[in-house]
Amino acid sequence: MPEAHSLHRHARDQRAALAGQVLSVSSPQGRFDATPFDGHRLVDVQAHGKHLLYSFEQAPDVHVHLGMKGIFLRTEDLSLPPRAGTRMRLAGETTAFSLIAPSRCEALDAAARAELLASLGPDPLREGAAAREEAARRLGTARGAVGAAVLDQSVWAGIGNAWRAELLFLAGIDPGRRVDEAEAGRVWDLAVELLPLGVDAGQVVSDPTAPDERWVYKRETCRRCGSPVGTRTVGGRTAYTCPVDQR
DNA sequence: CCCTCATGATTAC
DNA sequence: TAATCCTGAGGGG
């Protein structure tokens, strides 16, 4: 489930399990050069939108992006051999994480790190309410459909297709139209409220009283009014909308 | 067993 | 807009 809440949760888990420790870093698959990091101390793991950045002592950063297919497997049994397709394995004193099928896993020097961060818009899980004005300006002035703009990581960092569907539903906004800055600010407020719940729950939470439910995402009918949920492509992804509750 | 699709993003056309 | 990456889940046969 690689939207922002998942990446922030991975960062939190891995920081708790590994930060401050000297790690054994390897690439059983062989497609990642682990030698600059093996035997180095992990200083921190941070999520920026959907990107993970690992900082090490005396080494560059590691940049991981899960794409749509990437997963982490966790084990407390350090003697367990990692599966052959593991791109990167991070092993600490008691815990190891195996990274499978990421879209990116690479060393990042300081300049590349700065370039990556500069390319990202505000992240509701990092800047939160403090970035409301900037977030509203970016989304409210974006050209084209709001449903495409909100997935653009240079506008807001971290929103994916599931959050798009649920946040725009809750805001009563059809993804195919534009929004002004006032509406954009209200969508940001919803993101700032709900994404942290998603970090804790490990899934998209769009109704705190029913964390396993969705309003429209991948549903046949609207959970609020029962209307048939419409699907169409917006911004290159399937958008799920209620024709009654979103205008 | 085979096929399709997916919570993503880049690249090429 | 389409192909690509090339895993995993789910459905049909």
Side-chain angles (χ1 to χ4, degrees), chain A residues 1-13 27-32 47-53 62-74 82-89 97-106 108 112-113 115-121 123-125 142-145 147-170 175-176 187 190-191 194-207 211-220 223 229 231-241:
Chain A
M1 318 175 187
E3 296 187 42
H5 65 289
S6 299
L7 279 302
H8 282 261
R9 187 182 171 96
H10 285 310
R12 187 170 75 182
D13 290 349
S27 179
Q29 181 194 47
R31 288 181 58 189
F32 169 66
H48 299 261
K50 300 170 187 170
H51 300 261
L52 280 179
L53 288 176
V62 171
H63 170 219
V64 166
H65 195 294
L66 296 181
M68 210 153 35
K69 315 173 209 172
I71 55 171
F72 282 102
L73 301 179
R74 176 180 181 140
R83 49 195 270 187
T86 301
R87 181 79 60 90
M88 176 177 72
R89 182 172 182 270
F97 293 88
S98 287
L99 172 62
I100 317 289
S103 64
R104 304 291 289 272
C105 176
E106 62 194 358
L108 216 58
R113 174 194 165 92
E115 186 177 356
L116 169 67
L117 296 183
S119 75
L120 297 174
D123 175 348
L125 287 168
R143 294 186 296 116
V150 80
L151 291 180
D152 181 340
Q153 302 297 296
S154 71
V155 176
W156 291 3
I159 303 302
N161 202 28
W163 281 112
R164 170 178 77 166
E166 297 294 280
L167 292 172
L168 291 181
F169 170 85
L170 287 168
V187 181
L190 288 165
L194 294 172
L195 265 69
L197 304 181
V199 177
D200 291 331
Q203 62 183 355
V204 171
V205 175
S206 50
D207 178 355
D212 294 335
E213 297 292 333
R214 313 282 172 268
W215 295 107
V216 290
Y217 178 67
K218 284 190 173 177
R219 283 184 57 96
E220 292 288 319
R223 186 168 160 255
V229 167
T231 58
R232 68 191 200 272
T233 300
V234 178
R237 313 291 303 283
T238 302
Y240 302 82
T241 56

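Order of the sequence lines sets the chain letters (A, B, ...), proteins ahead of strands, with each chain counted from 1.
In this model, the phosphate group of C/dC5 is not approached by any side-chain N or O of A/K69 to a distance below 4.0 Å at OP1 or OP2. In this model, the phosphate group of B/dG8 is not approached by any side-chain N or O of A/H65 to a distance below 4.0 Å at OP1 or OP2. Distances shown here put every side-chain N or O of A/R104 at or beyond 4.0 Å from the OP1 or OP2 atom of B/dA9. Phosphate proximity of B/dA9 to A/Q153: present, with a side-chain N or O under 4.0 Å from OP1 or OP2. OP1 or OP2 of C/dG8 sits under 4.0 Å from a side-chain N or O of A/R83.
A/S154 meets the side chain to side chain donor-acceptor pair (under 3.5 Å) test with A/D152; sequence neighbours excluded.
Atom CZ of residue A/R83 and atom CD1 of residue A/I100 lie 4.5 Å apart, to the nearest 0.5 angstrom.
Ring geometry for A/H5 against A/W163 counts as perpendicular: the plane angle is over 60°, on a 0 to 90° scale with 30° as the lower cut. Note: A/H51 and A/H65 have perpendicular aromatic rings, judged against thresholds of 30 and 60 degrees for the angle between ring planes.
Residues A/I71 and A/S103 both approach DNA chain C. Their nearest nucleotides, taken by heavy-atom distance, put A/S103 toward the 5′ side.
With P as the reference atom, C/dG8 and B/dT10 are 23 Å apart, rounded to whole Å. Taking atom P on both nucleotides, C/dC6 is separated from B/dC1 by 23 Å, rounded to a whole Å.
At a threshold of 4.0 angstrom between heavy atoms, the contacts of A/R31 are confined to the sugar-phosphate backbone, with no base atom among them. At a threshold of 4.0 angstrom between heavy atoms, the contacts of A/R164 with the nucleic acid are absent.
When the P atom of B/dT7 is taken as reference, atom CZ of A/R219 falls 17 Å away, rounded to whole Å. Between the CE atom of A/M68 and the P atom of C/dT4 there is a distance of 15 Å, given to the nearest Å. As rounded to whole Å, 19 Å separates atom C1' of B/dG8 from atom CH2 of A/W156.
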